[in-house]
Novice: 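Sharing a structure below in structure tokens format, with a few things to ask.
Quantities reported herein were computed from a predicted structural model and do not represent experimental measurements.
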Amino acid sequence: MRTVRPGLVLTAAGVLVMVLAAVVASRYTPFWFDPDEGCALLGRCPGPTRDVVLGATWVLEWAGLGVVLLGLVRTGLHLRTVPAPPVPRPLPAWAQAAAGVLLGMLVCVVLGWFVLVAVLLSAPAVPAGLCLYWLAQAAAVTALDRHVGPAHRSALSAWSAGLAVSALAVAALVATAVLAGSVRALPVVGGAALALGLLVRRAWAWRAGLAPPGGGPWSTAGAAAAVLATTGAVLLLGDRADQPPGAEPPPELAAAAHPPPARPPAPREPVDAEPAPVDAPPACTPDELTWGATGWDAAMGTRAVTIVATSRADHPCHVDGFAEIVIAQGGRPLQLVAQPGAPTGPEVPPAARVGLAPGDAAGFPLVWKGYGAAADEDSPQELTVILPGGGSSAVPLGAAPAPFDLVDGGSVRIGPWQPVRQAVRPH
């Protein structure tokens with residue numbers, strides 16, 4: 001047993017490195033359910049330090065995985081000369097397959113929560129969670145195979161089979177979660193993959209003359225077919241459990257089962273209907289516009305507001321293109337990435353020209369990812385709008401001293417001009 005210990009120590013050390021790296025990464029990753037909390041609340045993200053730390057945690061994750069594999073190789077070199085213990089209760093193929101299904105489902109239900117927590121903590125935590133799942137399941141599979149499966153030529157054979165079968169099951173689970181997006185099916189898929197892996201190992205043992213009585217190719221193939229058929233039937237019945245017989249799910253239920261990705265809130269339009277187009281050849285100058293901000297909104301960590309310009313000229317004029325903005329705080333301009341973009345996505349919409357008769361108004365949306373408590377909430381902010389033709393204007397922001405919860409390095413999407421029915425009250 002002493003010769004096995006170095007391999008076990010290496011494997012445990014590698015797992016520990018991966019877990020510690022995942023914990024560190026979680027301290028620099030926003031909470032999935034509230035980006036304003038977590039690292040943002042503690043002032044750890046965003047920023048260059050966060051990028052350096054996350055990059056280092058990824059290096060530690062892969063280094064830890066390398067140490068784990070090195071430990072497994074070291075253990076395998078020792079087990080190569082250790083004889084396999086006798087199988088106390090060999091089972092027929094169908095019984096071993098059933099035991100594999102039950103074991104896979106049990107492991108998925110018990111250990112699947114750890115992987116789910118890893119996914120929610122941070123991206124570097126995912127390899128650590130999957131590695132722990134793989135190793136724990138491999139130990140369970142090896143124990144099951146040694147008690148009820150075919151005989152092995154050596155302890156290395158039994159140990160390697162457990163790692164390979166567990167890896168197959170983990171790959172099936174990841175593929176199901178990523179490609180199918182189904183969480184409810186994971187225990188069934190994990191159990192089926194584990195059973196099929198054990199049956200493949202059983203067929204390999206039969207070719208080597210190690211299968212127990214009644215463990216020929218036909219019984220193994222029949223057990224595999226039964227596993228596949230049962231798994232398919234269970235998954236199909238699960239998909240149709242909430243539907244009337246012979247009916248397709250209504251669109252609203254299908255949309256609820258597979259919701260689209262959450263989209264940022266669109267700024268509230270301060271209009272009821274678009275006014276008629278106005279023929280206005282000259283561009284409005286800053287002195288001919290009165291500015292205001294309205295429709296402040298927030299959801300899922302994203303903020304939005306509409307900047308409105310009301311014409312006070314005595315003749316028609318127009319605004320077009322994309323305005324530029326400067327947000328200063330405490331007398332210092334914030335270093336922001338402000339660029340054209342749609343309110344609901346990163347795509348850049350076409351610029352629009354809006355003609356304004358005297359008293360008419362036009363507005364454009366600003367959308368940004370808020371930093372919550374990580375931003376300065378006390379120092380007064382000033383918003384300056386720069387028109388495409390030149391000239392700038394200050395925009396009153398209301399009573400709140402710092403309505404833009406932004407920090408240096410933040411980004412703001414600037415939407416195109418749109419006509420509005422009523423402008424905000426001039427300041």
Side-chain angles (χ1 to χ4, degrees), residues 1-29 39 44 49-82 84 103-104 106-146 152 154-175 177-178 186 190 193-194 197 201:
M1 293 299 296
R2 291 182 179 179
T3 55
V4 181
R5 190 167 300 169
L8 295 179
V9 170
L10 280 175
T11 302
V15 170
L16 181 61
V17 169
M18 298 180 73
V19 171
L20 291 178
V23 172
V24 172
S26 68
R27 296 169 61 84
Y28 290 85
T29 303
C39 65
R44 297 193 181 105
T49 302
R50 173 181 180 268
D51 297 335
V52 172
V53 171
L54 291 182
T57 57
W58 274 113
V59 173
L60 289 176
E61 285 292 332
W62 298 122
L65 180 59
V67 174
V68 169
L69 297 178
L70 183 62
L72 295 178
V73 171
R74 178 66 182 84
T75 301
L77 291 176
H78 165 72
L79 294 177
R80 182 177 52 181
T81 58
V82 176
L103 177 63
L106 178 63
V107 171
C108 185
V109 171
V110 174
L111 298 182
W113 293 104
F114 293 95
V115 180
L116 177 60
V117 170
V119 171
L120 299 180
L121 282 178
S122 64
V126 176
L130 291 177
C131 183
L132 282 171
Y133 190 102
W134 171 48
L135 294 176
Q137 184 173 247
V141 170
T142 302
L144 175 68
D145 197 31
R146 284 180 174 178
H152 290 271
S154 65
L156 174 62
S157 174
W159 178 79
S160 301
L163 290 174
V165 171
S166 181
L168 173 66
V170 171
L173 291 174
V174 172
V178 174
L186 291 182
L194 215 60
R201 213 289 293 177

Novice: Can you tell me how far CG of Leu163 sits from OG1 of Thr75, rounded to the nearest 0.5 angstrom?
Specialist: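 It comes to 9.5 Å.
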Novice: Check Ser166 against Tyr133 and note the closest heavy-atom contact, atom names and distance.
Specialist: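 For Ser166 versus Tyr133, the nearest heavy atoms are OG-O, 4.4 Å.
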Novice: How about Leu135 and Val68: do any of their side-chain heavy atoms sit closer than 4.5 Å?
Specialist: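 In contact.
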Novice: CG/Leu72 to CG/Leu8 distance, rounded to the nearest 0.5 angstrom?
Specialist: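 Answer for the CG-CG pair, Leu72 versus Leu8, is 9.0 Å.
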Novice: Quick check: closest heavy atoms across Leu194 and Ala169, and the distance to 0.1 Å?
Specialist: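 In this case the closest contact between Leu194 and Ala169 is CD1-CB, 3.7 Å.
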Novice: Kindly compute the distance separating CE (Met18) from OG1 (Thr57), expressed to the nearest 0.5 Å.
Specialist: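 The OG1 atom of Thr57 is 11.5 Å from CE of Met18, to the nearest 0.5 Å.
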Novice: If you take all heavy atoms of Cys108 and Leu173, which pair is closest and at what distance?
Specialist: SG-CD2, 4.4 Å
Novice: Looking at CG of Leu103 and CD of Gln137, how far apart are the two atoms once the value is rounded to the nearest 0.5 Å?
Specialist: 7.0 Å
Novice: Could you walk me through whether Val24 and Val53 satisfy the side-chain contact (heavy atoms from CB on, under 4.5 Å) test, starting with their C-alpha distance in whole Å, then the side-chain angles of each, then the deciding distance to 0.1 Å, before giving a yes or no?
Specialist: CA-CA 8 Å; Val24 172; Val53 171; 3.9 Å; yes
Novice: Taking it one step at a time, do Val115 and Leu130 satisfy side-chain contact (heavy atoms from CB on, under 4.5 Å)?
Specialist: CA-CA 6 Å; Val115 180; Leu130 291 177; 3.9 Å; yes
Novice: Under a 4.5 Å cut-off applied to non-hydrogen side-chain atoms, are Val19 and Leu132 in contact?
Specialist: yes
Novice: Walk me through it: do Val107 and Val141 pass the test side-chain contact (heavy atoms from CB on, under 4.5 Å)?
Specialist: CA-CA 10 Å; Val107 171; Val141 170; over 6 Å; no
Novice: What's the separation between atom CZ in Arg80 and atom CH2 in Trp159, rounded to the nearest 0.5 Å?
Specialist: 11.5 Å
Novice: Go through it in stages, so that I can follow the logic: the residues are Val67 and Val17, the test is side-chain contact (heavy atoms from CB on, under 4.5 Å), and I'd like the CA-CA distance, side-chain angles, deciding distance and then a yes or no.
Specialist: CA-CA 9 Å; Val67 174; Val17 169; over 6 Å; no
Novice: Tell me the closest heavy-atom pair linking Ala136 and Leu111, and the distance in Å.
Specialist: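 Closest pair (atom of Ala136, atom of Leu111, distance): CB-CD1, 3.5 Å.
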Novice: Please name the pair of heavy atoms, one in Leu60 and one in Ala21, separated by the smallest distance, quoted to 0.1 Å.
Specialist: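 Nearest heavy atoms, Leu60 then Ala21: CB-CB, 3.7 Å.
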Novice: Can you name the nearest heavy-atom pair linking Cys131 to Leu65, along with the distance?
Specialist: SG-CD1, 4.3 Å
